[in-house]
Amino acid sequence: MANALARETSPYLLQHRDNPVDWLPWGEEALRRARENDRPLLVSIGYSACHWCHIMERESFEDPDTAALMNDLFVCVKVDREERPDVDALYMEAVQTMTGHGGWPLNVFVTPEQVPFYGGTYFPPEPRQGMPSWRQVLAAVAEAWQTRNDEIRTTGQRMAERLRGGALLVPSDEPMTEAALDAAVAVLRSAFDSVNGGWGRAPKFPAASVIEFLLRRGERQMSLYTLRAMASGGMYDQVGGGFARYSVDATWTVPHFEKMLYDNALLARAYVHGWQVSGDAVLRRTAEETLDWALREMRAPEGGFYSALDADSEGIEGKFYVWSLAELRDALGDDADAAIAWFGASAQGNFEGSNVLESRGPEPDGAVRSRVRARLLEARAARVRPGLDDKRLAAWNGLMIGALAEAGAVLDRPDFVAAARDAAAFVLDRMRTPEGRLLRTFNAGEARLNGYLEDHAFMLEALLDLYEATFEERWFVAAREIADTIVARFADPENGGFFSTSDDHEALVARRKDIDDAPIPSGGSAAAFGLLRLAALTGEGSYEARALGQIRLLSEIAPRHPAGFGHMLQAMDFSLSPTREVALAGEPPGVAALASVVREAFRPHLVLAGGPGEGFSSAVPLMEGRAPVDGRAAAYVCERFACRRPVTGADELRALLDAA
């Protein structure tokens, strides 16, 4: 018989609905049972594309004897970390504090007051490699609860204070400086892998926000080398486009095969910017293929985007993506030899006897390359596909909307812009309350759960991107509404910055400010960056003041630890640099021609507005008083709303924008 998870919409929770464990979702019912029975909660956290989550489910949660032990001793709670980043962040920090490491599955034992007192990640069904078995852990924790209850609760109060995370920070009185950002670049240079690209050792994650920060600072060697290295390795899907979550080695060769929407949105944008600064066609192609993959495989019928593809198919990690030589020859015919040399494929393979395809050999000409990819994609389509996490998250949709909008405008891909419009309309129409508040997740026709700071902040940035790509003011109006919600519901009036949950969110053991930008930007960094951009478009100093409140919390920490604060460093860079406000006024063809000049180069310290100009009311303050000149579309290049003489020609505008 199914447990209570059968009523959920999260694919991860639904995967566990037939477990013999009496799972409950996180919520008042689980907390009530724990209080009434004075029994600890066993909070097990994962996500649908998590390989080791699946393994622990098969080994332990599907075992009737183990499930009976769990049910007898604990109130068992399953959490989708992607739906409930607040619960995940609290208990991940607790486990990292207790054990020195973290990851998923995350299994935490929690008092009825929500305070964690023991936890870990994966536990095997039998003792192995120094790890106790899961059943041993269950028994030991239950005994400790029975015999040391008072001690556990007393110690827990100190843990609860620590779990406030970034909410413990106070703003710095030191001024922000360009020197601090230069120092951050130096720190990244000292840790750079000059052979393989990227930072750190295996496993190696794609640091999109760090690359974006480096590009903004004018650094080219580390950023472009890393982009090229990732695009040539097996972490990039050479057949279908798109990136896996990380590489298990230092060379970007063998991926952990799950594909996440957020990685691909962030990386696609970094590749667009890399192409803008380098003109490297491989970087442009990688961006387009990544977004084409998202439209082909991750787009829901109503226009939103799904969350992730699993690493496994038929219970085997990577089976969908790898190839034997025989399979390549069978699919490619006369093109096989050229393709095998290009992919670096061999009889022994590079992953468990099969080949993860790379792009390190001599690349065939364009026609052959396209034919090879099409044939392999067709052959792969006949395989059993990896599992799809089909929930739509507002935050991750925001990342993809922003990537599609900017890439579509820069690369002249109207289909990308159209997809961004559709996804934005879906989030605004289907993932908001009647009062206009964003909701976190959508699936099975239902949107639910209060939106977090990251949902609002990523959508703020995305809607500004979409406005700048289309000059359709409905997106600007929606962005400003979301910004006002961020200020009203998430701002900290005491220390500045923003909490991760709203002021009317359910009470957890601590109200946090999550601050790090890895693997995705924090909600606080995105809120700061979005509010700075909005301030430049509106002239509203209050938006800038709120953004600076967040930045001051991290202005000393982020430059010293740049690998973890790439998006915050981008916001700091934007704040310190002279920002140009460009307003284009005139008929659409003329405005479009001037906009193409703005977009032909990477111009990170600029905001863009456009419209008919004089005689038309605009919701965008930057457009006030702008008018065509002598019947021609005109560009007004401004700083702090003080504008130079308008220009009407492409060369004049280019010269203004390129001037120091």
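- Classified by interplanar angle (parallel below 30°, tilted 30° to 60°, perpendicular above 60°), the ring pair F192/Y225 is perpendicular.
- When all heavy atoms of L266 and E212 are compared, the pair lying nearest together is O-OE2, 4.5 Å.
- Scanning for side-chain contact (heavy atoms from CB on, under 4.5 Å) contacts around R654 gives V597, E600, A650, D651, D658, with sequence neighbours left out.
- Separation of the Y236 and Y271 ring centroids does not fall under the 6.0 Å cut-off.
- Under the 3.5 Å distance criterion, with hydrogens and angles disregarded, no donor-acceptor pair is assigned to the side chains of R512 and S500.
- Applying the salt bridge (Lys or Arg N to Asp or Glu O under 4.0 Å) rule to R245 yields the partners E258; only residues at least two apart in sequence or on another chain are considered.
- Here S618 contributes atom OG and M623 contributes atom CE; the two are 5.5 Å apart, rounded to the nearest 0.5 Å.
- Side-chain rings of F498 and F490 stay apart, their centers remaining 6.0 Å or farther from each other.
- Although no hydrogens or angles enter the test, the distance criterion places a donor-acceptor pair under 3.5 Å between the side chain of D193 and the main chain of N196.
- Ring to ring, H567 and F213 are not that close: their centroids are 6.0 angstrom or more apart.
- Side chains of C643 and R626 form a contact here, defined as non-hydrogen atoms less than 4.5 Å apart.
- Ring-plane geometry between W396 and Y262 is classed as perpendicular, the angle between the planes exceeding 60 degrees on a 0 to 90 degree scale with a lower cut at 30.
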